[in-house]
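What's counted below: heavy atoms across the whole structure, side chains too, no hydrogens, waters or symmetry copies. All ligand and atom numbering here is 1-based and tracks the order in the structure. As the structure is a computational prediction, the values presented were derived from the model and not from experiment.
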Amino acid sequence: MDFNIKSGDPEKQRTGCIVVGIFESRKLSSTAKKIDLISKKYLSNVIRRGDINGNKGQSLLLHHVPGMIADRVLLIGCGKEKELNDCAYNTIIAHSIRALKATGTLEAVHYLTELNVKGQTHDWKIRQAVQVAGHALYQFDELKTKKKSPTRSLRKIIFTVVTRRELPGCEMALLEGKAIANGVKLTRDLGNRPANICTPAYLAEQAKGLAKQHRSLSVNVLEEAEMRKLGMNTLLSVAQGSQKPPKLIVLQYKGGKKSAQPIVLVGKGVTFDTGGISLKPSPAMDEMKYDMCGAASVLGTILAVAELALPINVTGVIPTVENMPSGTATNPGDIVKSLSGLSIEILNTDAEGRLILCDALTYSARFNPKVVIDIATLTGACVVALGKHASGLLSNHNPLAKELLNAGKKAGDRAWQLPLWQEYQQQLTSPFADIANIGGREAGTITAACFLSRFTKKYHWAHLDIAGTAWVSGRNKSATGRPVPLLMQYIIDQANNNGTR
Ligand code: BES
Ligand code: MN
Ligand code: ZN
């Protein structure tokens with residue numbers, strides 16, 4: 001899909017479709033009002049017949065509106081004008097894009113970016129519209145023999161800015177929206193690809209592919225032998241039940257000064273999580289192909305950062321394995337020595353995410369990071385606590401936590417902080433090793449983060465548990481691309497505040 005921006009009057013648009021709004025109850029948006037005037041009350045007359053009254057979710061397609069050179073005018077119900085907040089705006093845009101897609105138009109000029117959204121700038125509205133449109137148009141049909149897409153399909157959407165003066169400022173918002181949408185799409189595609197395609201080796205190839213596309217990127221993949229030499233025994237203990245060799249992917253983006261400390265992103269890349277010998281029950285086990293969504297979000301974020309050529313350094317570290325039961329798999333009770341030197345009693349082989357992350361987090365210290373953020377589909381407990389609306393956030397540095405929470409709020413990709421108090425640490429006590437890999441029934445998300453915190457003492461660190469947010473289940477099962485928008489907002493803010501160039 002091609003996205004662009006422009007300013008201009010609706011009657012001058014030679015295009016397939018003009019998109020405008022109508023609020024409850026029957027109040028026209030400002031461009032809709034203009035069209036109504038020019039068309040000598042054509043819209044008012046149609047509306048008076050009762051075909052649309054402005055409720056959210058409604059739409060009405062009009063052809064041959066007098067005075068317009070555009071083929072169609074699409075009226076979109078925007079709900080109550082007073083209730084137009086971030087979330088309502090996103091819903092309205094998504095709905096308008098789906099309605100557009102159902103028409104035969106190839107191109108549209110979209111005026112809903114003129115709506116007043118409480119506390120938001122025009123930049124934000126443009127960027128958000130591009131992202132939401134990208135999201136709404138997404139479909140994953142590469143593995144179907146018959147594609148859903150019709151022959152005539154929407155190719156270009158032009159969002160409008162109110163005055164010409166705003167164009168240059170919004171140009172950056174357009175670029176950001178496109179880059180984030182591309183990062184989200186990559187993350188979703190990788191998540192949706194099944195585990196017989198998306199293997200650890202496949203993820204490594206993807207990272208190499210990105211580095212080929214962008215000169216600012218370089219990649220290094222650590223193979224099993226190298227990891228063994230380094231002493232990444234915890235990571236390897238998860239991989240040893242599988243036929244598929246594990247990888248540790250290091251993808252570096254250099255856009256800042258050579259000396260500038262990088263933001264390090266560590267993504268959990270379990271390409272399938274059967275639970276290992278602590279086997280999971282079979283219902284919905286297919287969804288454990290999504291257990292690499294943390295890894296996918298790191299690749300998606302770094303792609304977007306590279307596309308925007310941000311003046312900052314970002315390093316992605318991706319431990320990737322498959323968690324299988326087999327004759328060579330780790331047994332519950334096995335004790336391994338991690339890269340950090342701590343010995344770990346693996347009481348449950350299904351708590352494998354933390355086992356691959358701990359070695360990757362220890363390894364990350366060598367990059368002299370400004371901060372380290374890990375992203376992981378880590379605990380079912382997080383889905384119970386926060387559902388699918390917020391990612392769990394835990395951190396050893398409160399200012400970093402606050403920055404991430406704010407970024408999530410701005411991007412409409414929210415996180416919610418849970419405590420990492422000392423009191424919880426004792427749940428990880430083991431009678432035989434330095435630490436156990438599970439902490440009992442209570443506070444599962446917190447004890448998982450406590451486990452990770454034992455390996456992150458050397459730097460400022462935050463952990464995002466995306467078990468509830470990385471994909472949606474049910475009939476429309478799909479990866480969401482979260483938390484790429486949150487991470488991108490954080491990185492953009494960092495690049496702007498502390499110009500590292
Ligand atoms: N990948 C799962 C977490 C998960 C489960 C994410 C369901 C999304 C939906 C993780 O590896 C896991 O199995 N965690 C265990 C930890 C437990 C054994 C302490 C869990 O949450 O049950
Ligand atoms: Mn597991
Ligand atoms: Zn897992």
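Residue contact annotation: D291 places an N/O/S atom under 2.8 Å from the Zn ion (ligand 3). Distance check for E352 against the Mn ion (ligand 2): an N/O/S atom falls below 2.8 Å. Note on L378: not counted as a metal contact of the Zn ion (ligand 3), no N/O/S atom lying under 2.8 Å.
Under 4.0 Å is where a charged nitrogen must lie from a carboxylate oxygen, and between D291 and K268 at least one such pair does. We find that K410 and D493 are joined by a salt bridge, their nearest charged nitrogen and carboxylate oxygen being less than 4.0 Å apart. Looking at E142 and R193, a side-chain N of the basic residue comes within less than 4.0 Å of a carboxylate O on the acidic one, giving a salt bridge.
Residue-level proximity to ligand 1 for D291 is carried by the side chain, the only part with a heavy atom below 4.0 angstrom.
Note on E352: its N/O/S atom closest to the Zn ion (ligand 3) is OE2. Restricting D273 to its N, O or S atoms, the one at the least distance from the Mn ion (ligand 2) is OD2. Looking at D273, its N, O or S atom nearest to the Zn ion (ligand 3) turns out to be OD2.
In this structure, atom 14 (N) of ligand 1 has protein heavy atoms in its sub-4.0 angstrom surroundings.
Using bins of under 30°, 30° to 60° and over 60° for the plane-to-plane angle, the ring pair Y290/W471 lands in the parallel bin. Below 30°, between 30° and 60°, or above 60°: for Y424 and W421 the angle between ring planes is below 30°, a parallel geometry. Relative orientation of the Y89 and W124 rings is tilted, given thresholds of 30° and 60° on the angle between their planes.
Every N/O-N/O distance between M288 and ligand 1 stays at or above 3.5 Å. Between E352 and ligand 1, an N or O atom pair is found at a separation short of 3.5 Å. Close N/O approach between D350 and ligand 1 is found [any backbone or side-chain N/O within under 3.5 Å].
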